[in-house]
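Scroll down for the structure; my scribbles are underneath it.
We number each residue from 1, following the sequence as shown.
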Amino acid sequence: MTEELSELSGAVDSIVYKNENNGYCVLILDNGYEPVTVVGELGNIDEGEELRLMGKYVDHPKFGPQFKAEVCERSMPTTAAAIKKYLSSGVIKGIGHVLAKKIVDRFGDETLYIIENQPEKLCEIDGITNKKCEKISEEFQSVNGVKSLMRLLANYGISASYGARAWRRWGAQAEDVINKNPYSLCTEGIDLPFLKADSIAATIELPYDNPNRIKAGIRSILRENANAGHTCLPKDKLCSITVDYLRVEKELFDEALKEELSEENLYSFLKKQREFIALKELYIAEDYISRRLCLMKEVSYDSRINFDEVIDLVEQEVGIKYEALQRKAINTALSCGFLVLTGGPGTGKTTTLNAIISLFCQQGLNVMITAPTGRAAKRISDLTGFEAKTVHRLLEVGFTADDRPRFNKNENSPLDCDVLVIDEMSMVDAQLFESLLRALKINCKLILVGDSDQLPSVGAGNVLKDIIDSQIVPTIELKEIFRQAQKSAIVVNAHRIVKGEDIDLKRKDNDMFFFQRLEFDDLQQLVVDLVTDRLPKAYGYTASDNIQVLSPTRKGPAGTTALNNQLQLRLNPPARNKPEIKTLNAVFRLGDKVMQVKNNYDITWSKDKEHGAGIFNGDIGIIIEVKKAAGMLKIDFDGRVCNYPSSALDQLELAYAVTVHKSQGSEFDVVILSVLGGYDKLYYRNLLYTAVTRAKKMLIIVGSAARVKYMIDNNRRTLRYTLLKNMLLIDRSKELLADDDFE
């Protein structure tokens, strides 16, 4: 049953908090009886404005009822007192408290009418020149335009954040643009969901076969598929989906697609006599990668010198005997400066990489190391002894004028390095790799390290696999499991899984254990007991530091949502001394383990004396403070401490249990894997392999042995439509590639 919304009206008494970028506000509203705290995406609200709100009351422990607004209708203040408060708030540049009083004392209730329609009369007031009068009028028109736009979108139930983006894009023309073509709100940078724009179009009775609707629908379908990892779709498949989804004829699809291609909003690529369609930004990303890698291959330094004697000296210095493929990898890296180093656990990737980095440093080269996530960067830093940064930190993420993330390191300001090592390359998507390549000098040596048998990146693309399959970059796959690693059942079974071989689930004398539990209640009980009691008592492991529960799925009794609820209840139950904040999807309590589930470039953090911005998808932290009055959390992400406003809490999830996909790039001392029930399509070989290889010291699988065997037998690779491999295979030897080609 849908909860009935309440209505609240009044004038804005004061602004407690306002985010100019997304329109989120916390304000005090004077409803004529008593002040009420109001929260929500209300837009560029100012003191003195009169609001009519629809929403619901939420009990607040300190300040009584807090009104969470979902719909906001606003109007300019009408009384002299309210107008004076409004102008004194600084909403119009050039008018402060003193001048606001003078203007309102002179014009009273007519003040705003005068400013809008007869601004020349402002010159009657001492201190206001003709030039200042014009500036005040222009500023008022701009402010009024923004508010008018917000009112328009509020009537359609569209949050103020989209209005803010639209105003930045089109300014005073925004309303006209939207009224003529509501689907313009779906463009990149504004990103209104297609169905929302569709509802506006239906309200203004725009025909369902309007070309703008079909174009926006095509782009929306491509973006949805990009969220699933595809950089493109076959044209025939795209046509079928679009025609069915939009309920239009194929001829209309063909016409709309032709226009989109001619306007270069979309791009076409012929692959094996089948036409593929891609969004502009994803096509450019893969095209740039292919061109840049081909160019780097042409200019990469291949001395044809055999470095075996140098490697012999390294072996003597460090007391290590490299096996044949390791020596080949080191030799290739030194002579070519261009290498993909891949292989499963226990095959010596880190040992090989350490030798490569050491020898590059001995040559006086500046080596930089990066990884996609904070945990992955910390891991490779610990293993190599060299500082490693996340890709976003390395490229110095910043923001464009319309508040979209951009990297300060690029073609115009490249990284000051001679060698770049990228670890966990399987996690790097097409657009992120494009950004990395744009920031490299053309003669920079490039070492890509990863495991192509793991899950592909969360973002669109299958970059590592496409590069390996194209064979354009020298690739060394380490296969031999070293003697010490052979003692680990985790390592041995990981390699058996990749080969499609059954694993021994009966052994109980190593670092990998299996417990058969065929009832969901029994599975949940054992998982909770292991995390809260058995492992802490036997080994001293804790959920916050050492233990991570994984599941292939979020849903169902064996999924992360159900397991998180059970684990939170046992590990961090409600108590008087533990403040908490309730959201639509979770309860966040002091001491809870949480994960960020999407990139957020706005959140600032501090670590010792260092400061930065950005918490990213997959980062795990602990709630160290709950500020209930402000609806904020303070979270420690491996030393990076940041404040989360209530507007960002929907980007957090409890992280006692996380999906295998979200665990990519991380390693944990102990992994408990829940495997029971669920959809068959979520249970496949390289997902199991990825889960197993997250464990460093101990792996415990709880569930069905039959389900484990099903995963090993099911070698259904995650299908991804991409163009990179085919682009890499294009003969570009006759092309002249200059920096201008990549702009």
Side-chain angles (χ1 to χ4, degrees), residues 3 6 14-19 22 24-29 34-42 55-70 528 531-533 536 542-545 547-549 560-598 600 602-607 613 615 619-658:
E3 185 177 350
S6 302
S14 60
I15 305 293
V16 179
Y17 170 81
K18 179 164 61 174
N19 187 318
N22 61 23
Y24 183 84
C25 291
V26 179
L27 58 84
I28 305 300
L29 193 78
E34 60 182 7
V36 178
T37 302
V38 176
V39 300
E41 287 189 353
L42 307 176
K56 54 189 176 184
Y57 287 96
V58 180
D59 288 334
H60 198 284
K62 283 190 177 181
F63 304 107
Q66 185 180 77
F67 193 82
K68 187 174 182 180
E70 297 185 13
V528 172
V531 175
T532 63
D533 186 53
T542 64
S544 58
D545 296 328
I547 306 170
Q548 185 60 60
V549 178
T560 59
T561 301
L563 292 172
N564 269 319
N565 291 337
Q566 295 291 323
L567 288 164
Q568 184 191 42
L569 194 60
R570 281 280 295 276
L571 289 165
N572 196 26
R576 287 187 176 182
N577 64 340
K578 290 182 180 177
E580 62 185 39
I581 293 178
K582 295 181 180 180
T583 69
L584 186 63
N585 299 315
V587 175
F588 297 117
R589 191 172 295 131
L590 181 66
D592 271 335
K593 183 179 180 180
V594 294
M595 173 181 276
Q596 174 75 10
V597 296
K598 65 179 292 187
N600 187 317
D602 293 328
I603 293 179
T604 57
W605 52 262
S606 59
K607 183 178 183 181
I615 300 295
D619 285 350
I620 293 178
I622 303 293
I623 298 174
I624 59 174
E625 188 178 349
V626 177
K627 302 176 182 179
K628 294 194 69 172
M632 297 181 71
L633 300 176
K634 181 178 283 188
I635 305 174
D636 184 342
F637 290 94
D638 286 329
R640 292 172 299 153
V641 177
C642 51
N643 289 312
Y644 267 68
S646 55
S647 59
L649 297 187
D650 61 347
Q651 299 173 13
L652 290 173
E653 291 180 355
L654 292 173
Y656 301 106
V658 302

Practice problem: Measure the spacing between OH of Y57 and OG1 of T37 and express it to the nearest 0.5 Å. | Solution: 11.0 Å

Quiz item: Taking only residues two or more places apart in sequence, or in another chain, which ones meet N564 in a side-chain hydrogen bond (donor to acceptor under 3.5 Å, both in side chains)?
Solution: none

Self-check item: Pairing residues for D533 by the side-chain hydrogen bond (donor to acceptor under 3.5 Å, both in side chains) criterion, not counting sequence neighbours
Solution: K537

Quiz item: Hey, what's the ring geometry for F637 with Y644, parallel, tilted or perpendicular (30° and 60° as the breaks)?
Solution: tilted

Quiz item: By side-chain hydrogen bond (donor to acceptor under 3.5 Å, both in side chains), which residues pair with Q548, not counting sequence neighbours?
Solution: K593

Quiz item: Going through the checks in order, is the side-chain contact (heavy atoms from CB on, under 4.5 Å) test met by I635 and I615?
Solution: CA-CA 11 Å; I635 305 174; I615 300 295; over 6 Å; no

Self-check item: Nearest-0.5 Å distance, CD of residue E653 to OG1 of residue T561
Solution: 7.0 Å

Exercise. Supply the atom-to-atom distance I623 CD1 to F588 CZ, rounded to the nearest 0.5 angstrom.
Key: 6.5 Å

Exercise. Could you please spell out the steps behind the side-chain contact (heavy atoms from CB on, under 4.5 Å) verdict for Q596 and L652?
Key: CA-CA 5 Å; Q596 174 75 10; L652 290 173; 3.7 Å; yes

Quiz item: For residues 562-581, which residue pairs qualify under salt bridge (Lys or Arg N to Asp or Glu O under 4.0 Å), counting only residues two or more places apart or in two chains?
Solution: D529-R570, E580-R589

Quiz item: Sequence neighbours excluded, which residues qualify as side chain to side chain contact (heavy atoms under 4.5 Å, CB included) partners of D638?
Solution: R375

Quiz prompt | side chain to side chain contact (heavy atoms under 4.5 Å, CB included) partners for I15, two or more places apart | solution = V12, K18, L27, I45, E47

